[in-house]
Amino acid sequence: MNKDLSPEKEKSKSLDGSDQVAVRKDKLDRMRESGIDPFRANWDQTHVSMDAVSLLPEDEEVGPEVSVAGRIVAFRLMGKASFLKILDRAGKIQSYVRKDEIGEDEYALFKKLDLGDFIGIRGPLFRTKTGEVTIRAKEYRLVSKALRPLPEKWHGLTDNEQIYRQRYLDLVVNDDSRQRFRARSQIIREIREFFWSRDFLEVETPMLQSVSGGAAARPFRTHFNALDCDFSMRIALELHLKRLLVGGFDRVFEVGRVFRNEGLSRRHNPEFTMLEAYQAYSDYRGMMELTQSLIQQVAQNALGTLTLDRTEGAPIELSGKWREAKYKDLIIEAVGRDDWFELPKEAKLEKAKELKIEVDPALEDFEVTNDVFEKVIEHTLIQPTFVTHIPRELCPLAKITETDSSTIDVFELCINGQEIAPAYSEQNDPAVQREAFMKQVGEETQELDDDFLTALEHGMPPAGGMGMGIDRLVIFLTNAANIRDTILFPTLRPS
RNA sequence: GGGUCGGUAGCUCAAUCGGUAGAGCAGUGGCCUUUUAAGCCAUUGGUUCCGGGUUCGAGUCCCGGCCGGCCUACCA
């Protein structure tokens, strides 16, 4: 702005319509001068939009009076009458405002409202000539002023960065986003209903831990001043939930945030929501039934369908009994030779090169095999598949298969080309558990939780356990492109 | 962390070979009593992400930085 302009000129320049914030602030000032302060007003709702709409049956033209409130998201002014739409928690509803019904002075003020303002409206329902249920306003009141303009009404907000950083704007203008987060909430609610109905106890365990175990991931570290010691944010729920099995709560579950100090990607957010459930006197086969029933019930109740459309390719079919496949069989099929597991590491590396996957030669033998699984097989498992009999090195917390000491009694459920839920027959032999931990600790991937081992020595009942990444579940249930589209406020670099 | 693509008005997007930065929506002023992205007339609005450089001249080319998308790496 030109420094030579006097303050008066600057003000008049700023109010010519170019600076929308200044125009709105000026409107607010004028309202206050006339004794109206929208920020001190309120409104009684008798209905939300959707409920109000349903009060007018198809064959009727006039309905009862309702009182609603929300944000103006469409505003079509005419000389002596106007249409507007307000958005509330249930959706949108149209209102029709006539000068001859609210009065000349009120109508003049009404025309000064802006897109984005919050108003309350009261009046009877009627049907317009195009059939839309609409409130014929008898009374309206501005109850909060929006001083900044909304994003464009037709294209909405498309800039990813702004969608994530200013999620509130995304939610106001992008219907699909609003619906996706409503679906997420419904999904989590149905998960809880499922476990409660099976007599599981919902519990909460510490997020701040002196030892963060239960998975191999780098934790976020922090310092607790009062005790002058370092803590970590939890990376899994597992070890505390198992302590509760020791304590006699023999069916427990928790839905909670875990934190992993690792990279960001389409499928990774450093804080994400994990479900873990433990059921005594069950095992990984029991968890298989539980997991399939859980996802089927959640999809049916939260989405109303077991067939999930995808942006590309055939839909995901959740009905029926899901496929089971042994890890080794999938590997042998993928590499095209029966003797894969007898091959020396060098031959495996060679073969991996043929399959055009990058494999670090420094990896352990089983890690080369697992790279084949993760890079060649996993993304092809679109339809629900329980991958069973996984090599024992991949998880220290599961029981070893009785008939094959090289594998463990676990499954990894893959859907939509990614791992959704692992489940095990939980290791409850304290000596075997300690040994498995010691091997892992050597690699500095998992901290040794001595107190957990002490708990095991007190005796943990045989149990099946299952963990599920809720965000990834929501990705495929809502056909989202990115984990960030399922998390209201995803982690971003500070701007 | 590496590669790659991008950042232009409040929002969605243009701008030819390096040659006066434009449009739609929103806003502002009018007209309009059943609109549906309402319509019609007029009109305001720019640190082209930031900082350097090349050039008579840079949104455009070069270098550095910031932020983001995608791919990749790390990731039981």
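Chain A is the first sequence line, chain B the second, and so forth, proteins listed ahead of strands; every chain is numbered from 1.
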Looking only at side-chain N and O atoms, does [X] come under 4.0 Å of OP1 or OP2 in [N]?
X        : N     : answer
A:Lys80  : B:U33 : yes
A:Arg493 : B:C66 : no
A:Asn160 : B:G6  : no
A:Lys85  : B:U36 : no
A:Lys112 : B:G29 : yes
A:Gln94  : B:U36 : no

* Structure fact -> Applying the 3.5 Å cut-off to both distances, the Watson-Crick or G-U partner of B:U20 turns out to be none

Looking for any heavy atom pair under 4.0 Å, which part of the strands does [X] touch: base, sugar-phosphate only, or nothing?
X        : result
A:Leu77  : base
A:Asp100 : base
A:Arg260 : nothing
A:Arg266 : sugar-phosphate
A:Lys153 : sugar-phosphate
A:Glu132 : base
A:Glu393 : nothing
A:Arg165 : sugar-phosphate
A:Leu147 : nothing
A:Thr158 : sugar-phosphate
A:Lys27  : sugar-phosphate
A:Phe126 : base

* To do: If the plane angle is over 60° it's perpendicular, under 30° parallel, otherwise tilted; pick one for A:His389 and A:Tyr284.
  => perpendicular

* Between A:Phe452 and A:Phe437, what is the ring plane arrangement, given parallel below 30°, perpendicular above 60°, and tilted in between? -> tilted

* Structure fact -> Exactly one candidate in A:Asp170, A:Asp159, A:Thr491, A:Asp485 meets side-chain contact (heavy atoms from CB on, under 4.5 Å) with A:Tyr164; the answer is A:Asp485

* A:Ile86, A:Val172, A:Leu84 screened by side-chain contact (heavy atoms from CB on, under 4.5 Å) with A:Val73, the one that passes -> A:Val172

* C1' gap between B:A58 and B:A21, integer Å -> 12 Å

* How far, in whole Å, is B:A9 from B:G27 if one measures between their C1' atoms? -> 11 Å

* State, with a plain yes or no, whether a side-chain heavy atom of A:Tyr424 is found less than 4.5 Å away from one of A:Ile390. => no

Hey, does the side-chain of [X] have a donor or acceptor N/O within less than 3.5 Å of a partner on the base of [N]?
X        : N     : answer
A:His268 : B:C75 : yes
A:Glu152 : B:A26 : no
A:Thr130 : B:U34 : no
A:Arg136 : B:U34 : yes

* Tell me whether B:C17 sits syn or anti, counting syn as a glycosidic angle within 90° of 0. => syn

* To do: Could you say whether A:Pro149 or A:Thr128 is positioned toward the 5' end of RNA chain B, judged by the nucleotide with the nearest heavy atom to each?
  => A:Pro149

* Assign each of A:Ala81 and A:Leu492 to its nearest nucleotide of RNA chain B by heavy atoms, then name whichever residue's nucleotide is nearer the 5' end. => A:Ala81

* Asked: Does A:Lys348 make a cation-pi contact with A:Trp340, if we ask for NZ or CZ under 6.0 Å from the ring centre and within 45° of the axis?
  -> yes

* State, to 0.1 Å, how close A:Arg178 and A:Leu171 come at their nearest heavy-atom pair, and which atoms those are. => NH1-O, 2.7 Å

* **Proximity to the side chain of A:Ser18 - top-ranked nucleotide from B:U33, B:U28, B:U44** => B:U44

